[in-house]
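These notes are about the structure you will find just below.
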Amino acid sequence: MVIKANGYAVWELLQREFDRRFKATGHQNMYFPLLIPQSFLHREAEHVEGFSPELAVVTLAGGKQLDEPYVIRPTSETIIGHFFAKWIKSWRDLPVLVNQWANIIRWELRTRMFLRTTEFLWQEGHTAHSNHDEAVEEVRRMLDTYAEVAEEVMAVPVVKGVKTQSEKFAGALESYCIEAMMQNGFALQAGTSHDLGQNFGKAFDVRFQNKEGQLDFVWQTSWGVSTRLIGGLIMSHSDDRGLVLPPKLAPTKAVMVPIYGRDGGKDRILEAAHRIAREVGAKVDDREGQTPGAKFFHWERRGVPVVLEFGPRDLASGSIVLKRRDTGGKQPMAQAELAEKLPALLGEMQKNIFDAAKQRLTSNTVLANSIGEVESILKDVTAEKGGGKFVMAHVKDDPRCDLRVKELKATIRCIPLVDEYDGPGKCIVTGEPVDRRALIAKAY
RNA sequence: CGGGGAGUGGCUCAGCCUGGUAGAGCACCUGGUUCGGGACCAGGGGGUCGGAGGUUCAAAUCCUCUCUCCCCGACCA
């Protein structure tokens with residue numbers, strides 16, 4: 001995977017937002033090995049079953065066949081479990097709250113730019129606790145953190161929920177997730193937070209002595225978001241003219257395009273442009289040999305929130321023309337007001353972009369009361385043609401139901417934590433009672 | 001792994017059927033004129049046509065093998 005400069009700058013801004021929140025909640029960054037002894041994966045039965053098909057394995061190193069192959073990490077629960085066992089002896093050692101920023105490999109058969117790549121960058125949080133309640137609290141806290149960054153920073157509204165048992169992380173008790181809706185109505189799992197119970201504690205013998213002096217296995221959690229979020233960001237906001245970045249994730253918030261005119265006032269224009277740009281923190285596009293029109297298109301396509309036009313007429317009148325990326329609207333304003341108005345405008349744009357996405361999510365979420373209804377709603381939906389919906393239906397968390405929904409090329413994305421609909425009902429597959437509607441959608 | 005499609009200057013592609021001097025647009029370089037939504041003129045640089053083998057006087061073009069990439073399905077953050 002290659003991420004070029006503009007995309008990587010967005011990733012860095014996202015990283016900063018997450019990292020700050022992780023540290024504020026007591027987590028510390030660490031680093032663990034890229035190569036994991038293959039046998040580690042086999043210690044947890046569901047884990048190895050889930051990940052085996054997509055492992056890249058190193059069998060040769062230093063010119064020799066290895067006695068035991070290494071796998072390139074697809075996720076790090078196992079190797080971290082191995083080290084937790086060495087480090088944790090007492091209840092006083094708990095909780096352990098670590099995070100790792102790393103790259104991982106999952107050998108996908110079918111990749112899609114940013115959304116599903118063989119290699120991706122992510123963060124994986126791994127924590128160990130002395131009891132289940134505290135672990136669950138951690139799982140929920142980090143899910144809330146993900147939802148907060150998605151909504152407030154990325155301007156992407158999400159549904160928080162629990163995965164079905166079929167869809168949960170391999171080796172977890174429960175997997176919580178946030179699901180976002182792309183512009184084609186497809187769902188994108190934007191972040192996951194897992195309650196691992198004592199599964200990995202038992203598999204890696206991570207034991208501690210509790211206050212009563214007895215040995216017990218730790219309760220673990222893990223949670224992650226990846227560079228997939230960049231794909232989600234693009235697919236949530238962009239339009240036919242290119243990328244639309246919410247201001248909080250725009251590496252460049254404003255670009256000024258100077259226009260020189262025919263009267264040889266170029267030097268004065270440039271001088272004033274740089275002065276004004278400095279005051280408001282904008283970048284001046286003073287490249288030679290490009291017309292203003294070409295520059296407007298250039299920055300528009302890259303999603304820069306605000307483009308400022310500054311030409312001879314503005315120089316004469318003390319004004320400047322501002323164009324916002326989200327609505328495409330142009331407005332003239334006094335140069336003196338710009339520094340003051342720009343931050344407020346960026347804030348308004350951030351909100352506007354979120355509101356538009358929220359509106360889309362709401363209007364494309366529908367109820368269905370039979371499997372036939374779900375089928376007819378999702379029948380002709382494809383990633384390319386769009387038309388996808390979040391279909392809310394009563395479905396039991398039962399592998400049979402997951403299989404039935406899969407026949408429609410859709411999945412049960414999650415059972416929402418908050419029931420915004422009509423409470424209990426009968427499962428549309430089995431007829432059994434369930435306490436709320438679940439979210440069914442086609443997904444990336 | 002099944003089914004489709006494509007490999008020709010940096011990019012997008014034409015040329016292939018019917019073998020005969022490798023092309024276009026964009027991008028790039030030089031000079032000039034321009035500049036309020038993808039500028040124009042003039043000049044210029046750059047390609048062993050994915051690879052190997054074969055047929056032929058002659059292969060981007062025909063034949064055989066092979067590699068890679070993209071799209072569609074089954075598996076998935």
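Hydrogens, waters and symmetry mates play no part in the numbers below; they use all other heavy atoms, side chains included.
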In Watson-Crick or G-U wobble terms, both distances under 3.5 Å, what is the partner of [N]?
N     : result
B:C1  : B:G73
B:A6  : B:U68
B:G53 : B:C63
B:C28 : B:G44
B:C16 : none
B:G36 : none

Which part of the nucleic acid does [X] contact within heavy-atom distance under 4.0 Å: base, sugar-phosphate only, or nothing?
X      : result
A:L115 : base
A:F169 : nothing
A:E108 : base
A:S52  : nothing

Rounded [atom1] spacing from [N] to [M] in Å:
N     : M     : atom1 : value
B:C26 : B:C40 : C1'   : 16 Å
B:G20 : B:G4  : P     : 30 Å
B:C41 : B:U56 : P     : 50 Å
B:G19 : B:A58 : C1'   : 8 Å
B:C72 : B:A27 : P     : 30 Å
B:C16 : B:G10 : C1'   : 24 Å
B:C63 : B:U48 : P     : 24 Å
B:A77 : B:C69 : P     : 24 Å

Take atom [atom1] of [X] and atom [atom2] of [N], then tell me their distance rounded to the nearest Å.
X      : N     : atom1 : atom2 : answer
A:E119 : B:A77 : CD    : P     : 18 Å
A:L55  : B:A77 : CG    : C1'   : 14 Å
A:Y146 : B:A77 : OH    : P     : 14 Å
A:E407 : B:G73 : CD    : C1'   : 16 Å
A:F120 : B:A77 : CZ    : C1'   : 5 Å
A:L14  : B:A77 : CG    : P     : 20 Å
A:R112 : B:A77 : CZ    : P     : 15 Å
A:Y444 : B:G73 : OH    : C1'   : 16 Å

Output yes when [X] and [Y] qualify as a salt bridge under the 4.0 Å nitrogen-oxygen rule, no when they do not.
X      : Y      : answer
A:E152 : A:K248 : no
A:E271 : A:R268 : no
A:D239 : A:R241 : no
A:E138 : A:R141 : yes
A:R324 : A:E348 : yes
A:D402 : A:K406 : no

Parallel, tilted or perpendicular, as decided by the 30° and 60° cut-offs, for the rings of A:F186 and A:Y444: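 Aromatic pair A:Y444/A:F186 classed tilted.
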Validation row, ring centre A:F51 to ring centre A:F169 under 6.0 Å: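 Centroid distance A:F51-A:F169: below 6.0 Å, so yes.
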Sub-4.5 Å side-chain heavy-atom contact between A:E373 and A:L378: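 No - every pair of side-chain heavy atoms lies 4.5 Å or more apart.
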Summary of protein contacts for nucleotides 35-41 of chain B, nucleotide by nucleotide, where a base hit scores B, a sugar-phosphate-only hit scores S (4.0 Å, heavy atoms): BBBBB--
